[in-house]
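Model, not experiment: these values are computed from the prediction. Sequence lines set the chain letters: A, B, ... in the order given, protein chains first and strands last, and positions in each chain run from 1.
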Amino acid sequence: MMAGIQPNKADRDGFLPIRTNGFDRGFISVVILILVHLLWMRFLEGLLPLWVATVLCLALAVFIIRKG
Amino acid sequence: MRRSGITSFILWVCLTILTLLPVWWMLVVSMRPRVKLYSKSVLIDDLYWDNFLAVLNSSTFLQYLWNSMVVATSNAALVCALGLLAAFGLSRFKISGGDNVFFWLITNRMAPPAVFLLPLFLLFTKWFVFGDFMLFDTKIGLILLYCVFNLPFAIWLLKGMLDGIPLELDEAARVDGATTGQVLSHVILPLARPGLAVTFILTWIFAWNEYLFAATLTSSAGARTVTTALAEYVSVTGTNWGEMAAMAFLTTLPALVVLGFVQKHIVTGLTFGALKG
Amino acid sequence: MRQSNIGWLFLAPATLILFVVGFLPFIYILYVGFFDWNTNAVDPTLRWAGLQNYRSLVFDTTFLNSLARTLVFAFFVVISELLLGYILARALMADRLWGRQFFRTIHTLPIVVAPIAVGATWRLLCVPGFGIVPYYLKLWFGIDYNISTNAYHAFGTAIIMDLWHWTPFVTLSLMAGLTALPKEPLEQAQIDGGNKLQIFWYVIVPMLKPVLLTTVFIRLMDALRSVDEIWMLTKGGPAEATRFIGLHIWINVFPKTDYGYGAAMSLLTLYVTIVLSWLLFVAMTGRKGGAQ
């Protein structure tokens with residue numbers, strides 16, 4: 001399992017602390033999106049509506065996928 | 001290093017006792033009549049088989065035992081056949097996106113079963129319904145379901161073994177005019193036989209041991225397995241420890257039988273070949 | 001290596017089955033999680049609920065506590081098993097060990113025993129009034145050990161049971177890793193005058209890192225999903241002291257038939273599992289990047 005997943009040509013170094021490929025960056029974006037939404041619902045939804053979180057996360061996702 | 005040898009020996013003797021103690025206690029309890037049940041001695045005082053006889057005379061338990069046999073054997077056979085085909089495909093052909101498919105196949109084993117209970121329950125009761133037949137509460141349902149964790153396991157184990165069979169043998173057979181199917185049946189299959197045996201036994205044990213899916217996705221004596229019998233027994237009669245121990249021992253028995261045979265391969269299997277035992 | 005289309009043909013049956021029993025359920029709960037669906041309610045059909053299930057879930061303290069409890073359990077179990085397993089692996093590799101094969105075989109036994117039988121066995125050992133463990137602890141050490149009233153005892157017993165069940169696996173895999181280590185760096189370090197602790201920390205651990213991470217990965221995934229043993233041992237009690245997340249889902253969703261909420265619960269658990277395993281996987285493949 002370990003040997004099969006070697007870094008290949010599509011991988012690159014961005015601002016993220018690990019070498020990533022397109023799938024990794026998409027995955028990280030989705031993970032962050034879900035996490036932020038859950039925390040937002042728990043702590044912030046009384047103050048700011050949820051779509052703010054969505055907008056913020058999508059912006060972050062674009063940034064991660066482009067530059068990560 | 002003589003001293004270290006003796007320390008290790010003592011350590012391992014103690015450890016062996018600790019490992020065996022729970023199993024031994026189970027055996028002791030299963031051989032005690034009701035009146036002696038609360039004795040705290042850890043020795044078997046006489047051979048008393050009534051607990052085993054009581055369990056084995058219960059027709060429900062025998063039915064469950066039969067179900068477990070059918071489910072485990074069919075599942076292991078299915079998994080070995082499909083696993084061999086898949087491993088052959090992965091090992092002998094260049095498949096575009098093969099690595100990703102392989103990775104996805106393997107992740108299936110890591111998924112927590114409790115998470116999939118609900119969707120599987122709903123699919124089995126509401127979707128896979130053909131006329132009067134529904135997959136819920138059938139042996140076929142369990143046989144298919146156990147592929148979730150057994151098939152990735154088998155594919156990995158078998159792929160490792162097929163990768164070890166030299167490609168030259170295939171090529172030689174092909175030069176002699178063998179088709180792909182003949183290569184598989186006449187070259188690969190005979191050489192993979194020991195590997196298949198190990199895979200069969202291990203997947204059989206895993207299918208036999210499974211509880212959560214069996215408990216949730218079956219409801220009648222027609223499909224429930226030994227592990228659910230044990231769990232049911234505990235909730236029905238909390239205090240008949242002798243029979244419960246006998247039942248637990250019977251559930252453990254297959255594992256005890258194959259232990260010596262599988263112990264060399266179990267680490268390789270459980271770590272998906274990352275480590276050779 | 002031959003052309004790919006025939007290869008797919010061989011792969012197809014396995015892929016098809018895993019698609020049906022592995023992938024379809026995932027898509028299905030993803031869908032159900034956004035609905036309000038309770039077959040025992042006045043309206044037993046699916047009604048669109050948006051994120052409402054998840055909204056209640058992040059305020060559900062029973063669920064969150066159970067999740068946290070599972071993580072604590074997994075942490076303790078994995079750490080202790082690594083330590084114990086390492087010591088035992090070294091002991092099993094001692095130069096002169098009489099009966100090595102015998103010990104190894106006996107040690108493998110717990111791995112293949114059905115989890116449900118493990119739970120039943122430990123229940124026989126530990127149940128108050130019947131088992132020998134409470135009896136002898138009281139007799140020899142004067143400890144009042146009771147897994148059905150004392151939350152700490154129950155939690156501790158769950159950990160010890162898991163140690164019994166899975167330390168053998170860690171021992172065997174670490175042993176496989178240790179046997180495969182090259183000898184030269186170790187000898188070199190000894191010549192250079194490193195003491196045992198230094199050799200362990202600076203030579204063995206780095207070389208063993210892939211094996212350690214693989215073992216942690218597999219054990220962690222198993223610890224996060226243990227249900228059967230705990231169910232037999234304590235039924236999640238006393239109160240909720242040993243109700244780990246898998247058990248929580250199991251004993252909550254089915255009697256209540258609140259499928260939408262159950263789906264959300266399952267998905268959130270899956271999310272935590274996936275994130276944890278991905279982090280470990282990244283560490284495992286060692287993809288250090290960023291700073292060149």
Side-chain angles (χ1 to χ4, degrees), chain B residues 1-2 4-5 8-9 11-12 16 19 22 25-26 29 40 42 82 85-86 88-89 93-96 105 108 110 112-120 123 144-145 147-148 151 155 180 205 209 211-212 227 230-231 241 244-245 248 251-252 255 259-260 263 266-267 270-271 274-277, chain C residues 1-2 4 6-8 10-11 13-14 17-18 21-22 25 28-29 91 94-98 103 105-117 120-122 124-125 130 132 135 169 172-173 176-177 211 214 218 221 224-225 227-228 232 246 249-250 253 262-263 266 269-270 273 277:
Chain B
M1 295 298 273
R2 196 176 162 70
S4 125
S8 299
F9 183 70
L11 180 67
W12 272 93
T16 306
T19 310
W25 176 242
M26 173 164 80
V29 173
K40 295 292 184 259
V42 289
L82 296 186
L85 287 179
F88 182 67
F93 296 91
K94 217 182 177 64
I95 297 173
S96 54
L105 291 175
N108 273 295
M110 288 292 143
V115 168
F116 287 91
L117 281 177
L118 176 64
L120 283 166
L123 286 174
L144 288 177
L145 190 55
C147 289
V148 178
L151 197 51
I155 293 176
T180 308
I205 288 286
N209 286 353
Y211 168 68
L212 207 51
T227 48
L230 184 55
W241 300 109
M244 172 185 154
T251 313
T252 317
L259 181 65
Q263 62 106 357
I266 199 135
V267 170
L270 288 176
T271 56
L275 304 167
K276 297 270 179 264
Chain C
M1 291 290 167
R2 309 199 143 245
S4 61
I6 302 180
W8 266 111
F10 286 106
L11 212 50
I17 282 204
L18 285 178
V21 289
Y28 194 50
I29 36 168
D95 291 336
R96 295 154 170 242
L97 180 60
W98 186 82
F103 288 139
T105 310
I106 295 296
H107 201 46
T108 320
L109 172 66
I111 304 179
V112 281
V113 174
I116 201 89
T121 316
W122 279 79
L124 287 175
L125 275 175
F130 177 78
I132 43 174
Y135 177 78
F169 165 69
L172 294 179
S173 67
V211 177
T214 312
I218 287 159
M221 293 301 106
L224 289 179
R225 61 184 183 174
V227 173
D228 314 10
M232 285 302 272
I249 295 176
W250 191 48
V253 175
S266 306
T269 310
L270 190 64
T273 316
S277 60

Go through the structure and list residues passing side chain to side chain contact (heavy atoms under 4.5 Å, CB included) with C:Leu109, not counting sequence neighbours. B:Leu20, B:Val23, B:Leu256, B:Leu259, C:Val113
Pairwise distance CZ(B:Phe9) to CZ(C:Phe103) - rounded to 0.5 angstrom: 4.5 Å
Give, for atom CG of C:Leu11 and atom CG of B:Leu82, the distance between the pair rounded to the nearest 0.5 Å. 10.5 Å
Do C:Pro25 and B:Leu123 come within less than 4.5 Å of each other through their side chains, counting heavy atoms only? yes
What residue, out of C:Ile29, C:Ile132, C:Val253, has the most heavy-atom pairs lying under 4.5 Å from chain B? C:Ile132
For B:Val148, is it the side chain, the backbone, both or neither that has a heavy atom under 4.5 Å from a heavy atom of chain C? both
Does the side chain of C:His107 come within less than 4.5 Å of B:Thr19's, by heavy atoms? yes
Which atoms of B:Trp12 approach chain C - backbone, side chain, both or neither, heavy atom under 4.5 Å: both
As an exercise: rank C:Gly246, C:Gly262, C:Pro110, C:Ala120 by heavy-atom pairs under 4.5 Å with chain B and give me the winner. C:Ala120
Where does B:Leu144 contact chain C at under 4.5 Å (heavy atoms): side chain, backbone, both or neither? both
From CG (B:Leu118) to CD1 (C:Ile249), nearest 0.5 Å: 9.0 Å
Let's test your reading of the structure: which of B:Ile155, B:Leu117, B:Leu11, B:Thr251 forms the most heavy-atom pairs below 4.5 Å with chain C? B:Leu117
Check each atom of C:Thr273 against the heavy atoms of chain B and say whether the ones under 4.5 Å are side chain, backbone, both or neither. side chain
Chain C contact via B:Leu145 - side chain, backbone, both or neither, heavy atoms under 4.5 Å: both
Distance, nearest 0.5 Å, that separates OG1 of C:Thr121 from CE of B:Met26: 4.0 Å
Whether C:Phe10 and B:Phe88 hold their rings parallel, tilted or perpendicular, with breakpoints at 30° and 60°: perpendicular
Considering non-hydrogen atoms only, spot the tightest contact between B:Leu85 and C:Pro13 and give its length. CD1-CG, 4.4 Å
Could you grab the distance from atom OH of B:Tyr211 to atom CG of C:Asp228, nearest 0.5 Å is fine? 7.5 Å
Which atoms of C:Ile111 approach chain B - backbone, side chain, both or neither, heavy atom under 4.5 Å: side chain
Is any side-chain heavy atom of B:Pro22 less than 4.5 Å from a side-chain heavy atom of C:Trp122? yes
Does the side chain of C:Phe130 come within less than 4.5 Å of B:Val29's, by heavy atoms? yes
Main chain of C:Pro115, side chain of B:Asn209: is a donor-acceptor contact present, judged purely on distance under 3.5 Å? no
Could you check which of C:Leu224, C:Ile116, C:Thr108 has the highest count of heavy-atom pairs closer than 4.5 Å to chain B? C:Ile116
For the CD1 atom of C:Ile17 and the CG atom of B:Asn108, what is their distance to the nearest 0.5 Å? 11.5 Å
Let's test your reading of the structure: which of B:Cys147, B:Ala114, B:Ala86, B:Ala245 forms the most heavy-atom pairs below 4.5 Å with chain C? B:Ala86
Between B:Pro113 and C:Arg225, which heavy-atom pair has the shortest distance, and what is it? CD-CD, 3.5 Å
What part of B:Leu151 gets closer than 4.5 Å to chain C, counting heavy atoms only: side chain, backbone, both or neither? side chain
Just jot down the side-chain hydrogen bond (donor to acceptor under 3.5 Å, both in side chains) partners of B:Thr227, sequence neighbours excluded, or say none. B:Thr225
